[in-house]
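Residue numbers start from 1 in every chain, and the chains themselves are labelled A, B, ... in the order their sequence lines are given, proteins ahead of strands. Because only heavy atoms are used, hydrogens play no part in the values below, and waters and symmetry mates are left out as well, while side chains stay in.
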Number of protein chains: 2
Amino acid sequence: MTAETETGAQPRLPLSRERVLRAAVSLADEGGLKSLTMRRLAESLDAEAMSLYYHVANKEELLDGVAEFVVQEINDVVDRIDLPSAGADWKKAARQRILAAREVLLRHPWAPELLQTRTTAPVAVAKYFDGLLRLMRDGGFSYDLAHHGLHALGSRALGFSQELFNPGDDANSDDSAAMMENMAGQFPYLAGMLMEIVHDDPDSTLGWCDDQTEFEFGLDIVLDGLDRLRSER
Amino acid sequence: MTAETETGAQPRLPLSRERVLRAAVSLADEGGLKSLTMRRLAESLDAEAMSLYYHVANKEELLDGVAEFVVQEINDVVDRIDLPSAGADWKKAARQRILAAREVLLRHPWAPELLQTRTTAPVAVAKYFDGLLRLMRDGGFSYDLAHHGLHALGSRALGFSQELFNPGDDANSDDSAAMMENMAGQFPYLAGMLMEIVHDDPDSTLGWCDDQTEFEFGLDIVLDGLDRLRSER
DNA sequence: TTGTAAGTTTTACATCGTAAGGTGCCATCG
DNA sequence: CGATGGCACCTTACGATGTAAAACTTACAA
């Protein structure tokens, strides 16, 4: 009588830009960016594809919104950190921020790819860099040096690992014996490097590059370099 | 009589994987990655879309081929450089290589986005890193430190600028007066930075960040940092 | 009751990647 | 010589995608 042919279907929450963006993030988390289509997104909200267009201009704008959303998530985390940043402390404070940002990004591995395809920077990115800039100014940076510093950090400032190939790009599988042979011919130095690493640490066939370690190593090189320029005055 | 209904149409070169990849690069150069579709690619070769599949397994494999092709172009340029790399000279040699790689990438602005979406690394990338590794070994790096160094350089090693947003991301247009007002409230430090820069160099409304300068600045920070670790022994 | 606006759905279309199968050509072999 | 078979290319067709256009639904004001 009360409509609804199926078994007591729920009234269903109304859509909203907020809900759409949240669902989009979830979809991407589960299946990557390619699985984020308007139809699937709508389905995950129990609606039709075209309904989304009432809350979002088009897919590009949806993606812009998702990018904004993710960076905002970083800002939320980062804003909860409160460390002294005067003088030499700027470095510890910046390091902490950036590592916190990276933690968020690890939950959204598709975010770098998304951010890179945005033509216009999310406002949240400006906010993030403004905060980082504050730390550097507290540390005694001139605006000019700080400016170069932000460029030098680049996307690493937001926690991007900026490796060329993410997972298991070396030592992927199969018998490494024959592969090493082949490799030694084409890439003698890479082969030499691999052999030494295997020698030093035999149980390192898979994922022998620790992403976290490498990220921190690279980050510290940049931060240390900037700090040196800062204190040189 | 000799077939060909239209005005003396040419016999047309036969397709080949090589020709297909070259055409794909050209298409991307002209209209970006999104304009690279199988149909348009075929059309640019005066053929039908499905004909491409005789030379290329599918679009993913085509993109892999294009990626390989571009990195190979980098390798070609880089191989022509021959600088001493013993001892402290490694840095100059590496710098030169990386700047040469960047020059190639500037002609293919879509390449970073493409490389980032590859799941498997082009062989040419291994070759490139092998060459870089050689320089570092000549310079006296341990394999271990060189390994960290390659990670620290990351995609920058291939000339990626790894800025978050490529062109005109600040100071884009319109009257900057009202914008500054608004900005000063939300992003006081960014606003301060901009104001100082405008003050120092008034004719810098557009593109006041010199990509080349910033790239070299960031690169030198990393190279100097690595060199320091190298000579610390 | 009637109108009006907000929110959602239906229908439809152009464009994309590509599966399946067909066509023309040439070299080889009986 | 004609038959055979493989290579290179084309035709047709299908499902997925983003989205324009217009119809429907609900809630509320006049």
Side-chain angles (χ1 to χ4, degrees), chain A residues 1-6 9-28 30-67 110 113-114 117-119, chain B residues 1-6 9-25 27-28 30-67 110 113-114 117-120:
Chain A
M1 195 90 170
T2 52
E4 298 306 346
T5 55
E6 287 303 331
Q10 303 293 54
R12 195 197 63 189
L13 297 163
L15 293 178
S16 73
R17 187 179 162 89
E18 169 87 9
R19 248 168 57 81
V20 167
L21 293 185
R22 269 185 208 285
V25 170
S26 296
L27 249 186
E30 286 160 28
L33 275 188
K34 282 203 316 243
S35 79
L36 174 52
T37 73
M38 298 304 273
R39 284 180 231 264
R40 268 200 281 269
L41 177 54
E43 193 184 12
S44 84
L45 289 160
D46 196 22
E48 299 302 315
M50 288 310 291
S51 307
L52 303 174
Y53 286 84
Y54 194 84
H55 305 276
V56 144
N58 50 47
K59 186 162 188 191
E60 273 306 292
E61 208 250 1
L62 169 79
L63 293 177
D64 286 346
V66 171
W110 41 268
E113 189 184 328
L114 173 67
T117 58
R118 297 309 83 205
T119 55
Chain B
M1 196 83 174
T2 51
E4 299 307 344
T5 54
E6 285 305 329
Q10 303 293 55
R12 195 198 61 188
L13 295 164
L15 294 179
S16 72
R17 188 179 161 88
E18 168 88 8
R19 248 169 56 82
V20 168
L21 294 185
R22 269 185 208 286
V25 169
L27 249 186
E30 286 160 28
L33 275 188
K34 282 203 318 241
S35 79
L36 174 51
T37 73
M38 298 303 273
R39 285 179 229 263
R40 269 200 280 268
L41 177 55
E43 193 185 11
S44 85
L45 289 160
D46 196 21
E48 298 303 314
M50 289 311 290
S51 306
L52 304 175
Y53 286 84
Y54 194 85
H55 305 276
V56 145
N58 49 47
K59 186 162 188 192
E60 273 306 291
E61 208 250 1
L62 169 80
L63 293 177
D64 287 346
V66 172
W110 40 269
E113 188 184 330
L114 174 66
T117 58
R118 297 309 84 207
T119 56
T120 159

| Closest listed nucleotide, where the reference is the side chain of Arg40(A) and the choices are dC9(D), dT17(D), dG17(C) | dT17(D)
| task | Answer yes or no: does a side-chain N or O of His55(B) lie under 4.0 Å from OP1 or OP2 of dC9(D)? | result | yes
| said: Nearest whole Å is fine: how far is dA19(C) P from Met38(B) CE? | reply: 10 Å
| said: From CZ of Arg19(B) over to C1' of dA8(D), roughly how many Å is that when rounded to an integer? | reply: 13 Å
| query | Can you tell me how far P of dT17(D) sits from CD of Glu48(A), to the nearest Å? | reply | 14 Å
| Atom CE of Met50(B) to atom C1' of dC14(D): distance rounded to whole Å? | 12 Å
| message | Any salt bridge linking Glu113(B) with Lys34(B)? Criterion: basic side-chain nitrogen under 4.0 Å from a carboxylate oxygen. | response | no
| Would you say Arg118(A) and Glu60(A) make side-chain contact, with heavy atoms under 4.5 Å? | yes
| How long is the line joining CG of Leu63(A) and C1' of dT17(D), in whole Å? | 13 Å
| said: dT18(C), OP1 or OP2 - any side-chain N/O from Tyr53(B) closer than 4.0 Å? | reply: yes
| said: Side-chain N or O of Ser51(A) versus OP1/OP2 of dG7(C): is the shortest distance under 4.0 Å? | reply: no
| Residue met sooner reading DNA chain C from 5', once Arg39(A) and Leu52(A) are mapped to nucleotides | Leu52(A)
| Is the closest basic N to carboxylate O distance between Glu18(A) and Arg22(A) below 4.0 Å? | yes
| request: Whole angstrom is fine here: how far is it from CD in Glu60(B) over to P in dG17(C)? | output: 11 Å
| What is the distance, rounded to the nearest whole Å, between atom OH of Tyr54(B) and atom C1' of dG6(D)? | 8 Å
| field | Side-chain heavy-atom pair Leu15(A), Leu45(A) within 4.5 angstrom cut-off | value | yes
| said: If I take atom CG in residue Asp46(B) and atom P in nucleotide dC9(D), what distance separates them, rounded to the nearest angstrom? | reply: 12 Å
